[in-house]
Structures are given as structure tokens and as C-alpha cells.
Number of protein chains: 2
Amino acid sequence: MEAKILLQQHIAKTASLTEEEFNYFFSHFKPMSFKKGQTIIGAGDKVDCEYFVISGCLKAFFINDEIKMYILQFAMPTWWTSDYTALYNQTPATINVDCITDAEVLCLSNTDREKLCAGFHQIEHFFRWRTNKGYIASQKRLLSFMNNNVKTRYEELLILYPQLYNLVPKHLIAAYLGVSRETLSRLHNS
Amino acid sequence: MEAKILLQQHIAKTASLTEEEFNYFFSHFKPMSFKKGQTIIGAGDKVDCEYFVISGCLKAFFINDEIKMYILQFAMPTWWTSDYTALYNQTPATINVDCITDAEVLCLSNTDREKLCAGFHQIEHFFRWRTNKGYIASQKRLLSFMNNNVKTRYEELLILYPQLYNLVPKHLIAAYLGVSRETLSRLHNS
DNA sequence: ATCAGAATGTGATCTACATCACGTAACCAA
DNA sequence: TTGGTTACGTGATGTAGATCACATTCTGAT
């Protein structure tokens, strides 16, 4: 099974689990399929799970005043996503997650993650490492926001995710960069 | 000893260690004192440690083109700071850390942290939780950057750290907000 | 094949904030 | 006390990017 192997390879980079331990770990993940445009987490929802992407592309985004959208993350295969603030604090979602393309994900509940972390030191190690990577990436993006103009951030993005340019509409790239779609469009020519 | 109790209370919120375990944990921290203005990590340095603040106030910042400074974090008592990118990837520092006031810190090496995490599940749990908190805060700040104007970000900052207003010079607050000191000054009146 | 609604491009104008320039006040060290 | 550095305020002007407006192309559903 494709999904199982993808997850196994993903965690093997950081944690060593026996075949048996991994099977137990994997048994807590629920496979789910979504169509392009479907909502996985909507603002106001109770958030119980985080999602490991097997195929397709998701976006995690915030909507301001029902008007402006800011994308926090594009989630591609082997990426994790959720509204972590809502998930950890057990508060209603303020972040939305939906599907840019058809997508398959593995869903892991907060309760199960904590149970697995408590039961297996190596799993706790994996999740520490994963969150650490996310923290470092988030700091880097914050710095880029403060330090760079839109053009530079755009070029950084294309280097970081070359696939994205043809995969997602430009106005979503603009929403990730925190810029209007018009300004992004004008960057092409200049 | 003040520092020991502060650290003990700090980690007790998340992890349960026996007295003996905690003593062993604590034995890996090296107490250090710094004077106002002293540099703890300078750009280009090899970074071996992270720092737990006991007293005083540090800043972690990036300098662009030897001109502009952007503050990633003010570190107050019970906060942790370092250049985590450099620390985890064993690359030269790009972030500086120095002292806004006289400060006492506890220094923990990367090697010792990893040793302690590997040896004690509860310690690994603590560091996962801590990084998770940092990640959530960093995401929140990124969103605020994209979504809010300077005035709103300034008001958020004053709510988050009320002490800061009288503790640190205004141009450092401007550097945290990613705004010129002139603009920050003008916000007072409007 | 057709039509409606997205997605994209592009001009004209507006605005928040940066930058430059200068003055004054506060804080030190000799 | 004095002189030098740092902090802070404030006016004048410049500019990146937002917003508004409209045209064009693409796409997907019937």
C-alpha cells in the first residue's frame, strides 16, 4: 500500500521503529480522499486531527474580514498540516484547510498522537524533530517577510517549490506572498 | 539557588521528572552572566548552545546589509533563545543574540540536549512541547505581519509584553515590528 | 458547442510607510 | 562640568504596493 510506504519512509529518516511498532503506529491513521475544492477544516470547526499528505496539494489559509486570504502553507506529499493552534488548545479553528487538487491524506487524531508519543519514545522523537523543522522554516519565512520585497520573496518561493508555479493559480501564490494578485502579475514583466 | 528553581518550575509544567532526574538534567546547564550590550551569539559564529533566560532581557536579531536590524524575539525570564537554524544544521550563525539589559542565563549545548532527550522520554516530551509552542507563536506572528498594519501590530505587542514598553528603547520595538523608528514614533500621536 | 464564472493582464490613482533631514533631550564617561 | 553618543520627535518628499476599473482569456459544467 502506497500511503503506508510513504509514511514509513518519511518517519524512518528520524526515528527507528520495528516493523511491528510501525504497524501499530500506522493503524492509528485513517486514510481519506478529497476532491479538488473540498474543505478539510473550516473556520469555527472543532479540530481533532492533523493530516499527512499522500498525494495532491492542500492549502492552509486565513481569511480576514471575509475578504482577504492569506496562505500559511501549501501542503504537498509528505507534508503535515492542520490548524495547530486550534488542535493544541482545543479552540475553534481560525485557519481553513482545503484542497487545491484532488488529494489523499492520512488523518491522525490529537488524542492518538499524544498516546503514541507517550507510549513510544521514538515517536515522540519524530514529532519533536518535525515540529522543530516547522519552527525553523516559519522563522525563516518571517525574516523574509520583514527583510525582502515582493519580487525577492517570489523568487525564493519558486526556488523552494518549483512545481508550484504550474500547479496552483497565481492568485494563490499572491496570497502566500501576502501581496495583491495585480502586483504579482506585474512582477512577471519587470 | 534561584536559577535551578526557575528551570524546575518551568519544566514541571510539562514533564514529570524525579528530583534525581531533574538534578541530572540541571547538571548539564552552565550558568553564565552577561552585561548590558554584550554579545552572546554573533553572525558567523559557530553555535553550540541554546540559552534559558533567568533574569534580564535578550534580543535575537538579524542584520541586513550591515544596516537594518530585524528583531525575531525578545527573550525574557523563562524564555529560550538561540540561532536554532545554525544550532540544528551546524552552520555559521546568521542570527545575533545580545543583551538589552544585564542578564543571567543557563546554557545548554546541542549535544547535551540531544543526549538528554535520547536518555529521558520526559525530557524529549518537554522539548517537543516547547518547540510546538514556539511554532504556534511564530505562525501567529507571521499572520499578524500579513494581515495587520503597523498600528495594530504595535498594540498587539504591548498586550503581549506590557513590560517591554518601559524596558527597551523604542527603536528596538520598531525593529521587532519591522517598521522604521520614525513611523513608530508617529503612531503615538495618532 | 456554448455560456458563466474563474483566472489573468494592465492602466490610473491612492496610501501607508520609508527615507532624508534636522532639532532637541537624555545619558554616559573623562 | 563638558562634550559626545544615543534616543527620540517631526516635517518634507519619495515609492512600493494596494485598490479600483475594465478587458481578455481560460475552464468546466450543461
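Each chain gets a letter, A, B and so on, in the order the sequences are listed, and its residues count up from 1.
- In this structure, A/E156 does not pair ionically with A/K140, as no charged nitrogen and carboxylate oxygen lie closer than 4.0 Å.
- Distance B/N149 CG to D/dA16 C1': 17 Å, rounded to the nearest Å.
- Between the CD1 atom of B/I123 and the CZ atom of A/R128 there is a distance of 10.5 Å, given to the nearest 0.5 Å.
- Within the 4.0 angstrom heavy-atom criterion, only backbone atoms of the sugar-phosphate kind lie near B/G178; the bases stay farther away.
- D/dT15 atom C1' lies 16 Å from atom NZ of A/K151, rounded to whole Å.
- Distance, A/R186 CZ to D/dA21 P: 15 Å, rounded to whole Å.
- Distance from the side chain of A/E182 is smallest to D/dC20 among D/dC20, C/dA7, D/dA12.
- In this structure, CZ of A/R181 is placed 12 Å from P of D/dC20, rounded to the nearest angstrom.
- A/S180 has no side-chain polar atom (N or O) that falls below the 4.0 Å cut-off from OP1 or OP2 of D/dT19.
- Checking the phosphate oxygens (OP1, OP2) of D/dG28, no side-chain nitrogen or oxygen of A/K35 falls inside 4.0 Å.
- Rounded to an integer number of Å, the gap from A/L187 CG to C/dG9 P is 11 Å.
- The distance between atom OH of B/Y154 and atom P of C/dC17, rounded to the nearest whole Å, is 14 Å.
- At the phosphate of C/dG9, OP1 or OP2 sits under 4.0 Å from a side-chain N or O atom of A/S185.
- For A/H171 and A/Y176, the distance between ring centers is not under 6.0 angstrom.
- When distances are taken from the side chain of A/P169 to each of D/dG17, C/dA7, C/dA18, the shortest belongs to C/dA7.
- When each of B/N148 and A/V168 is assigned the nucleotide of DNA chain C bearing its nearest heavy atom, the one mapping closer to the 5' terminus is A/V168.
- Nucleotide D/dA7 holds its P atom 11 Å from the NZ atom of B/K170, rounded to whole Å.
- Minimum atom distance to the side chain of A/H188 is reached by C/dG9, of the listed D/dG17, C/dT19, C/dG9.
- Between B/K36 and D/dT6 there is no side-chain polar atom (N or O) within less than 4.0 angstrom of OP1 or OP2.
- Listed for the B/Q122 side chain is a donor-acceptor partner under 3.5 Å among the backbone atoms of B/S16.
- C/dA7 atom P lies 13 Å from atom CD1 of A/I173, rounded to whole Å.
- Note on ring orientation: taking the six-membered ring where Trp is involved, the planes of B/H188 and B/Y165 are perpendicular (angle over 60°, cut-offs 30° and 60°).
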